[in-house]
Amino acid sequence: MYSPPDPTSYNRLVWDIVRQVPAGRVSTYGQIASMIPPPDGVDELQYRRLGARWVGGAMHAVPDGSGVPWQRVINSKGEISVRERTEGHLEQRLRLEAEGVRFDDAGRVDFDAVGWDGPAADWLAERELLPPRPLGKRPSSDPDATQPRLF
DNA sequence: CGTTTGACTACGC
DNA sequence: CGCGTAGCCAAAC
């Protein structure tokens, strides 16, 4: 798999971030990666794809009983990335549904409803991490037809 | 020792 | 909006 220069410390950092995701909310591999600065020498655009894979590797490597809520990390399409018809896939879905996360007929969640907006700004600053990429559709793309003027 | 296979995304059709 | 593919690496077969 695509591995970061230092998988051990990278994984620890990823797990720390994932621990911040509250129950009932979901993040994505790409969003987690977006908070971690790209290592030296890694092209930023390339890191958007590589980093997501690295985070996937970190999730795959979560130790049993570590308390890391790995089920709250899914792919950018809003679906569970663990291969279907596997034990892990079913367990992730059941865990999320137990937290109140709903899946549509296509097996996708609604980021606008359950998407995570990242840790508090000071939490990120303490660790020299970047602000996360927002999830879901941009509310700004919705015309002000439904958005009444406040004055 | 050669192949297959990923807990991913962006981009082009 | 759905589908295929590149990118580019380490393990498991």
Side-chain angles (χ1 to χ4, degrees), chain A residues 1-119 123-124 127-143 145-146:
Chain A
M1 278 176 233
Y2 304 71
S3 304
D6 182 357
T8 303
S9 63
Y10 192 90
N11 285 358
R12 246 199 304 271
L13 186 50
V14 168
W15 297 335
D16 259 359
I17 297 173
V18 173
R19 261 187 253 269
Q20 309 306 311
V21 184
R25 312 299 293 280
V26 300
S27 183
T28 69
Y29 304 99
Q31 188 189 37
I32 300 293
S34 74
M35 301 180 216
I36 303 176
D40 293 333
V42 178
D43 175 66
E44 185 158 346
L45 175 56
Q46 194 175 32
Y47 177 72
R48 282 189 74 160
R49 294 182 263 201
L50 267 185
R53 274 204 189 282
W54 294 349
V55 171
M59 290 301 97
H60 195 249
V62 168
D64 286 338
S66 62
V68 176
W70 55 268
Q71 71 271 20
R72 297 174 196 149
V73 186
I74 61 180
N75 67 32
S76 62
K77 292 181 291 190
E79 42 189 42
I80 288 172
S81 231
V82 179
R83 277 202 304 165
E84 273 187 77
R85 205 181 324 201
T86 64
E87 191 181 337
H89 182 99
L90 181 61
E91 182 181 1
Q92 184 168 14
R93 169 129 184 179
L94 292 177
R95 281 186 180 222
L96 285 175
E97 287 180 333
E99 298 179 355
V101 176
R102 310 278 298 279
F103 290 82
D104 65 16
D105 294 336
R108 293 199 271 250
V109 307
D110 179 8
F111 281 128
D112 290 328
V114 297
W116 186 44
D117 46 6
W123 191 95
L124 289 170
R127 285 148 238 264
E128 297 182 348
L129 296 175
L130 282 37
R133 188 162 52 84
L135 256 35
K137 321 162 201 171
R138 307 274 154 68
S140 56
S141 65
D142 190 37
T146 58

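Reckoned from all heavy atoms, side chains included, excluding hydrogens, waters and symmetry mates. Lettering follows sequence order; numbering is per chain, from 1.
The CZ atom of A/Phe111 sits 12 Å away from the C1' atom of B/dT9 (whole-angstrom rounding). Computed from coordinates, the A/Leu50 CG to C/dC9 P distance equals 8 Å when rounded to whole Å. Rounded to a whole Å, the CG atom of A/Asp43 is 13 Å from the P atom of B/dA10. A/Gln92 has its CD atom 11 Å from the P atom of B/dA7, to the nearest Å. Note: CG (A/Asn75) to P (C/dC3) measures 14 Å, nearest angstrom. Separating the NZ atom of A/Lys77 from the C1' atom of C/dC3 is a distance of 9 Å, rounded to the nearest angstrom. Following rounding to the nearest Å, A/Glu79 (CD) and B/dT9 (P) show an atom-to-atom distance of 10 Å. Separating the CD atom of A/Glu84 from the P atom of B/dG6 is a distance of 13 Å, rounded to the nearest angstrom.
In this structure, the side chain of A/Trp70 does not engage the main chain of A/His60 through any donor-acceptor pair within 3.5 Å. Side chain of A/Arg95 to main chain of A/Gln71: no donor-acceptor pair is present (N/O by atom type, distance under 3.5 Å, no hydrogens or angles).
Closest approach to the A/Arg108 side chain among C/dG2, C/dA6, B/dA7 is made by C/dG2 (side chain taken as heavy atoms from C-beta onward). You'll find that the side chain of A/Arg83 is closest to B/dG6, out of B/dG6, B/dT9, B/dA10. Taking every side-chain heavy atom of A/Ser3 into account, C/dA10 is the closest of B/dA7, B/dT9, C/dA10.
The gap from the P atom of C/dG7 to that of B/dG2 amounts to 23 Å, rounded to the nearest Å. Across B/dA7 and C/dG2, the matching C1' atoms stand 22 Å from one another, rounded to whole Å.
For the residue pair A/Gly115 and A/Leu135, the shortest heavy atom distance occurs at CA-CD2, 4.1 Å.
As judged by a 4.0 angstrom heavy-atom cut-off over every strand, A/Trp54 is placed among residues making no nucleic acid contact.
Note on A/Ser81: a side-chain N or O is less than 4.0 Å away from OP1 or OP2 of B/dC8. Remark: A/Arg49 is not in phosphate contact with B/dA10, judged by side-chain N or O atoms under 4.0 Å from OP1 or OP2. One finds a side-chain N or O of A/Arg53 lying less than 4.0 angstrom from the OP1 or OP2 phosphate oxygen of B/dC8. Between B/dT9 and A/Ser76, a contact under 4.0 Å exists linking OP1 or OP2 to a side-chain N or O.
Remark: A/Arg127 qualifies as a cation-pi partner of A/Trp123 under the 6.0 Å distance and 45° angle criteria applied to the six-membered ring.
Comparing A/Leu45 and A/Met59, the nucleotide of DNA chain B nearest to each residue sits closer to the 5' end for A/Met59.
Stacking is found between A/Tyr2 and the pyrimidine-like six-membered ring of the C/dC9 base under the 5.5 Å centre-distance and 30° plane-angle cut-offs.
For the ring-ring contact (aromatic ring centres under 6.0 Å, His included) condition, no pair includes a residue of residues 83-105 of chain A, sequence neighbours left out.
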